[in-house]
Each structure stands twice: as structure tokens, then as C-alpha cells.
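Small disclaimer: the values here were computed from a predicted structure and weren't measured. Side chains included, hydrogens not; waters and symmetry mates left out as well; all remaining heavy atoms used.
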Amino acid sequence: GPGAGGDLPFFGSVLRRADCVRRCEEPRLGAVSRHRAAEEVRADFQRRVPYSYLQRAYIQLNKLEEAANAAHTFFMANPEHMEIQQDLENYKSTSGKVSLIDREARQHMEDYSAGVRHYDKEEYELAIEFLERALKGYYSEDEDCQIMCEGPQRFEEHEYLDYKAGLYEAVADHYMQVLACKHDCVRELATRSGRISPIENFLPLHYDYLQFAYYRVGDYVKALECAKSYLLFHPDDEDVLENAGYYEGLLEGTVDPATIKPRKEAKTLLRRHKLESHLLQVAAAGLGYAYTEPNYWNRYGARQDEHSVPSSISSEPEDGPRLSLTKKPMPKPDRELKEGGPLLYSDVKFVYNSQQLNGTQRVLLDNVISEEQCRELHRVASGIMLAGDGYRGKTSPHTPNERFEGATVLKALKYGYEGRVPLKSARLFYDISEKARRIVESYFLLNSTLYFSYTHLVCRTALSGQQERRNDLSHPIHADNCLLDPEANECWKEPPAYTFRDYSALLYMNADFEGGEFIFTEMDAKTVTASIKPKCGRMISFSSGGENPHGVKAVTKGQRCAVALWFTLDPLYRELERIQADEVIAMLDQEHLGPSEMNINPKDEL
């Protein structure tokens with residue numbers, strides 16, 4: 001309301017709701033300490049880590065069936081985990097157990113998959129039973145997902161201890177984070193455990209399958225109801241519009257088609273989803289909140305069942321219902337792919353090209369830097385690297401069996417200026433990364449400038465006492481500019497992937513460690529197509545897309561160090577720290593003047 005105190009009813013309602021939630025939680029769930037877990041614990045449960053422990057415990061108790069199910073449950077959320085994969089193969093060969101149970105399976109997903117299987121077998125009554133059950137489960141899970149977004153959260157890039165915003169800014173900022181979480185429940189509920197990308201068009205597909213299944217069993221009222229529900233999401237789908245018209249014709253004279261409405265729960269969810277989107281975009285425009293609306297109802301996800309099209313069945317009329325069979329177009333290369341250009345430096349040695357590495361846009365080079373430069377760079381690394389650098393301080397971001405450390409070019413120059421490492425050595429890091437960029441740009445015959453996207457000096461160290469029976473990866477199989485989905489044999493070029501990256505390179509600094517081979521694989525993330533043993537001066541470079549899935553085998557002894565480089569052809573995505581480093585280098589090179597002579601403080605510039 002207007003005037004002084006006009007906001008009190010609103011905040012009174014908020015306070016009463018908070019009190020209600022607190023009073024509800026404690027008698028039903030116990031003390032807060034029992035049900036509000038730390039972020040690390042919640043992350044472990046999300047990754048199903050307890051099932052890895054359970055598997056080992058069941059083995060000790062000789063309960064192989066329970067161990068196999070626990071291993072399978074863990075593997076479903078961690079498909080890149082090679083050790084568990086091997087364990088599952090062992091269970092199958094030793095106990096003959098083939099059917100495994102995912103103890104954390106989402107029931108609405110299981111019912112949906114069962115419904116589709118029955119549909120494909122033309123068992124339409126069973127398909128209807130499972131798909132209807134899947135819809136009921138979906139809406140129940142959606143309610144849970146919405147509520148969980150209101151729970152304790154630690155939002156990225158927000159430290160509330162140092163937060164200086166005013167009351168309404170703080171409320172709006174927190175609420176927008178919660179609202180974005182709620183809005184993304186559509187994606188969450190359509191994504192299988194351990195998978196990156198959701199099933200496209202997931203919720204509308206339920207209604208698409210159902211409208212045709214109901215038609216097949218002769219329930220034209222339900223067929224029309226489901227067709228109209230599907231059209232809420234895709235009002236311009238010509239096939240389903242024709243189907244709806246066909247069903248209306250079948251009902252003529254018995255039921256008024258206008259009385260058959262889309263399902264209420266679909267209308268409610270879609271209305272809420274549109275309002276959420278509107279609020280998020282208002283916030284993005286007015287409050288500077290970063291938000292891009294994803295395409296949640298992508299029509300590329302469609303039924304692939306041409307055998308069921310009535311026009312192909314002699315007992316059905318040619319003007320019967322048609323299926324929505326939109327196919328996903330194959331991506332076209334956004335530039336002509338070339339390779340074999342000059343290496344620019346006489347000491348750089350060509351080793352293998354794409355064909356020899358069994359792939360596309362790949363090259364292996366030696367002698368990019370000398371043994372002395374490797375040693376000097378290693379000395380710099382030991383003085384500037386920070387554990388978990390680049391991964392929000394997580395010291396073991398990829399595997400608990402190794403410690404990860406890193407540093408950027410700008411940090412090296414800052415430490416060099418402050419005298420914490422030799423300035424000449426810090427400058428070496430800058431110079432060799434530029435050398436690598438020029439080689440990549442020339443070899444792949446790029447007709448536009450290649451810019452730095454990110455430059456990172458990284459070391460992976462094997463942790464003692466944790467290497468026995470180890471069979472995981474130092475860095476899981478992935479692609480650099482898209483989200484690798486091995487099950488779908490796809491790589492989705494969408495956030496949170498760094499979609500602007502075009503080329504990648506790794507320049508190795510040492511070989512005195514065990515394991516740590518760089519590997520390329522097929523899109524299945526399993527079939528290795530090339531394996532490269534790092535050594536001083538060796539550089540592997542490749543295009544950053546789904547054509548080049550790659551990873552790093554476990555480092556089982558010692559420390560493996562390299563300069564990791566990612567490049568872009570889009571100047572909008574140039575590495576900010578690199579631009580700042582360029583300015584510092586130019587400043588320090590200006591007639592080799594010291595700070596006092598230049599009348600500027602480089603530290604301030606940094």
C-alpha cells in the first residue's frame with residue numbers, strides 16, 4: 001500500500017510464512033542440524049557418492065546383488081567413472097547378474113520410458129497406463145522441485161557476508177536466484193541422472209504420445225483433450241492441429257468439441273512458467289540481473305515412429321491423424337576446416353596430423369619450448385600456483401585422488417613485478433603462450449585472428465595413499481565448447497558450456513610422473529582414438545567442439561604440469577586478464593623504464 005508503513009502487510013505475510021515453515025519443519029523433521037546439510041554433503045548425495053561406499057560395504061558382507069545394485073546406482077550418475085564400470089562388468093561375469101536396479105531412479109522417468117516402449121510395440125492401452133502415471137509423477141516432482149528451490153542455497157558469485165545492497169535490492173536479488181531455480185525445474189525434471197542435456201520437448205511429448213494412443217484405442221474425447229494440451233506448448237504444430245481437427249470430426253454429432261478443454265494441470269504449469277519468464281526478463285532489463293531464457297519446449301524432440309502413421313496402414317483412412325515428426329537438423333560447420341599451415345618456428349617439430357591421430361582438426365608438435373624453458377616455467381609454477389585456482393578453490397575438482405593447482409598469466413606478471421618470482425620467468429609464461437597461439441593460428445590456416453579465451457598454468461599431483469586400485473580419470477572425458485552427452489551421441493552447444501571457444505592447446509612441461517596420458521575418444525566417451533604421453537615441449541592442439549572429446553588418464557605418481565590454452569575467433573570473448581597482461585607488458589617494455597621514471601604504478605594497473 002501507499003505511504004509510510006504500506007509495506008508492513010507484505011513483510012508481515014513473509015514473517016508469518018517463515019514462522020510457519022520453521023514450526024512445521026522441527027516437529028516433522030527434527031532439529032535443523034538433522035535436515036539442513038552442508039553444501040559438500042548435499043553435493044555428495046547429488047553425485048550419489050554414498051552408493052560407492054555402500055558397494056564396498058556390501059562386498060565385505062558378501063552381498064553381491066546389493067553391491068551390484070549400489071554400483072549401478074552410482075554409475076548412473078557418474079557414467080565416466082571407469083572403476084565402477086569395471087566393477088559392473090565383474091558382477092555380470094561372476095554372478096551372471098544382468099538386470100540391475102537404479103535405487104535412485106525417478107519414477108516419472110521410468111514410467112515415461114516404459115510407456116514409450118509399449119507405444120513402440122503398439123501396445124496402446126499399456127502405453128496409456130504408463131504415460132498417464134508418468135504425467136502424474138511429473139507434476140508431483142515439479143511441486144517438490146519448486147519447494148526445494150526455496151531451501152538453503154549458496155548462490156554463485158554472491159557473498160552475503162559482504163553484501164551491501166539495500167533492503168529491496170537484496171530481497172529482489174535473492175528472489176531472482178530462487179525464481180531462476182524454480183524456472184529451471186522444467187529442465188531438471190527432463191534430465192536423466194548423470195546426463196547433461198534434458199530429453200527435448202519432454203513434457204509436451206507425453207501429450208503427443210497420448211493423443212495418438214487414445215485415438216488408437218478409440219477414445220476420441222481423450223485424444224482431443226491431449227492434442228489440445230500439446231497445442232498449449234506448440235500452438236502452430238501443423239500435424240497436431242490436423243489431428244485435433246480430425247478428432248473433432250469423429251466426435252461430431254455425439255459431443256460438442258468446444259466443451260473438451262486442454263488439461264488443467266498443463267495450463268496451470270504453462271501459465272506459471274510464462275510468468276516466471278516474464279519476471280526474470282524484467283529483472284534482467286531493470287536490475288542488471290544476468291539471464292537468458294533457454295528454449296525449454298524445443299520441438300526437435302519428437303516421436304520417431306513412422307510405422308504408426310495411419311496413412312501407411314491399409315486399415316486406416318489416408319486423412320487420419322499424422323504424427324509430429326520434426327527432425328533435428330544436422331549442424332553445419334561455421335567455417336571451412338583446414339590444416340597443414342607453416343609452424344613459423346624452425347625448432348618446432350611436426351609429429352602427427354589429424355589423420356594420424358584418428359580424428360579431425362588435431363596436431364601434435366614437439367620442441368615448442370626447450371628443456372631450459374620447461375625448468376624455468378616449472379620454477380615459476382611452484383611460486384605462483386594456488387590450489388583449486390579456476391575451480392572456485394576446489395583442490396580436487398575432477399578426482400579426489402589428485403590435487404589441482406593453477407595460475408594465470410596476469411598473476412604471474414603481478415608476482416614478477418612484486419619480486420616474488422623472477423620477472424624474466426613470469427614474462428616467459430606470457431611469451432610462450434603467445435608463441436603457441438601463433439602456431440595454432442598458422443597451422444590450422446585460420447583466415448581471421450585467433451584470440452586468447454583463457455590461459456592457465458596447471459599442475460596435477462597424485463596424492464599418496466590414494467592410488468591403490470585406482471581406475472578413474474584425472475580429467476573426465478569432455479569437449480571444450482559443448483556439453484558432451486555420450487548416451488545420445490551428441491554434444492550440445494549451449495550454456496553452461498564455453499560455446500565461444502574454437503581451438504584448444506596443451507603445452508606440456510615435464511614427463512617425470514606416472515600415468516597422465518592425454519586421450520581422445522569417440523562421442524561415446526569410451527572408445528579411445530589416440531593416446532599421447534606428455535613430455536617437455538610437446539604440444540597437442542585441436543578444435544574445441546564435439547568432434548574432439550578428450551580427457552586425461554589418472555596421474556598415479558608425481559606431478560604433471562602444462563600450460564592449458566583455449567582460443568576464440570570472436571573478439572567479444574577475448575580473455576580479459578590477457579588484455580590486462582598485454583597492457584602491463586607494453587608498459588614494462590616502454591624503453592625499459594622503471595616505475596618511477598614512467599610516473600605510473602604497475603601494481604595499480606594490475
Side-chain angles (χ1 to χ4, degrees), residues 76 99-145 185-195 197-234 237 239-240 243-244 247 262-267 269-270 296-310 313 316 320-328 485 487-488:
M76 293 304 290
S99 64
L100 298 169
I101 298 171
D102 179 2
R103 290 171 55 182
E104 293 287 335
R106 289 177 163 179
Q107 194 56 49
H108 76 281
M109 281 279 192
E110 298 296 300
D111 289 336
Y112 172 79
S113 298
V116 172
R117 284 195 299 272
H118 286 301
Y119 181 95
D120 289 340
K121 295 176 182 177
E122 300 186 19
E123 299 168 350
Y124 295 112
E125 290 184 350
L126 285 172
I128 289 168
E129 179 184 341
F130 279 98
L131 288 168
E132 291 286 14
R133 192 188 303 167
L135 273 177
K136 185 177 180 181
Y138 180 96
Y139 286 109
S140 176
E141 286 280 334
D142 178 67
E143 187 177 352
D144 287 351
C145 182
C185 283
V186 168
R187 180 187 294 272
E188 169 70 17
L189 296 183
T191 306
R192 298 183 188 278
S193 296
R195 304 299 178 259
S197 297
I199 298 172
E200 291 184 339
N201 205 24
F202 182 62
L203 179 57
L205 268 178
H206 287 69
Y207 296 109
D208 199 7
Y209 279 113
L210 281 169
Q211 59 97 8
F212 200 83
Y214 275 121
Y215 162 75
R216 285 293 195 171
V217 300
D219 192 336
Y220 306 136
V221 171
K222 290 283 190 182
L224 181 56
E225 177 187 76
C226 290
K228 287 186 174 182
S229 299
Y230 179 86
L231 290 169
L232 290 173
F233 300 91
H234 302 300
D237 189 307
D239 291 329
V240 180
N243 289 1
Y247 303 145
R263 293 197 178 177
K264 184 178 179 181
E265 63 271 18
K267 287 182 69 175
L269 183 140
L270 195 57
Y296 287 103
W297 317 118
N298 194 330
R299 278 190 57 208
Y300 291 141
R303 301 193 314 282
Q304 308 297 316
D305 53 347
E306 288 89 338
H307 69 277
S308 296
V309 177
I313 301 173
E316 298 288 347
R322 298 174 182 272
L323 298 171
S324 179
L325 291 171
T326 312
K327 295 292 199 308
K328 187 166 186 171
D485 188 347
E487 187 177 73

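When every heavy atom of Phe130 is checked against every heavy atom of Ala114, the shortest pair comes out as CD2-CB, 3.7 Å. When all heavy atoms of Ile199 and Met109 are compared, the pair lying nearest together is CD1-SD, 4.1 Å. Looking at every heavy atom in both residues, His108 comes nearest to Gly137 through CB-C, 3.8 Å. Closest approach of His206 and Leu131 over heavy atoms only: CD2-O, 4.0 Å. Nearest heavy atoms, Ser229 versus Tyr207: CB-CD2, 3.6 Å. The nearest pair of heavy atoms linking Leu231 to Ala244 is CD1-CB, 4.3 Å.
Within the 4.5 Å cutoff, side-chain heavy atoms of Leu135 are placed close to those of Leu210. Residues Phe212 and Arg216 are in side-chain contact: their nearest non-hydrogen atoms beyond the backbone lie under 4.5 Å apart. Under the 4.5 Å side-chain criterion, counting only non-hydrogen atoms from C-beta, Gln211 is not in contact with Tyr230. Tyr220 places none of its side-chain heavy atoms less than 4.5 Å from the side chain of Tyr214. Between Tyr139 and Leu203, some side-chain heavy-atom pair lies under the 4.5 Å cut-off. Put simply, the side chain of Val217 does not reach to within 4.5 Å of the side chain of Lys222, judged on heavy atoms. For the pair Tyr138 and Leu269, the minimum side-chain heavy-atom distance is below 4.5 Å.
Once rounded to the nearest 0.5 Å, the distance linking NZ of Lys136 with CD of Glu132 reads 10.5 Å. The OG1 atom of Thr191 sits 9.5 Å away from atom CG of Asp485, with the distance rounded to the nearest 0.5 Å. Atom CD of residue Glu125 and atom CD1 of residue Ile128 lie 7.0 Å apart, to the nearest 0.5 angstrom.
The number of heavy atoms from other shown groups lying within 6.0 Å of CD (Glu265) is above 12.
Checking Lys264, Arg263, Lys267 one by one against Glu225, the salt bridge (Lys or Arg N to Asp or Glu O under 4.0 Å) holds for a single residue, Arg263.
The ring of Tyr112 has its center closer than 6.0 angstrom to the ring center of Phe202. Ring centroids of Tyr119 and Tyr124 are separated by less than 6.0 Å, placing the two rings close together.
Salt bridge status for Arg133 with Glu129: present, with a side-chain N to carboxylate O gap under 4.0 Å.
Of the N and O atoms on the side chains of Asn201 and His234, at least one donor lies less than 3.5 Å from an acceptor on the other residue.
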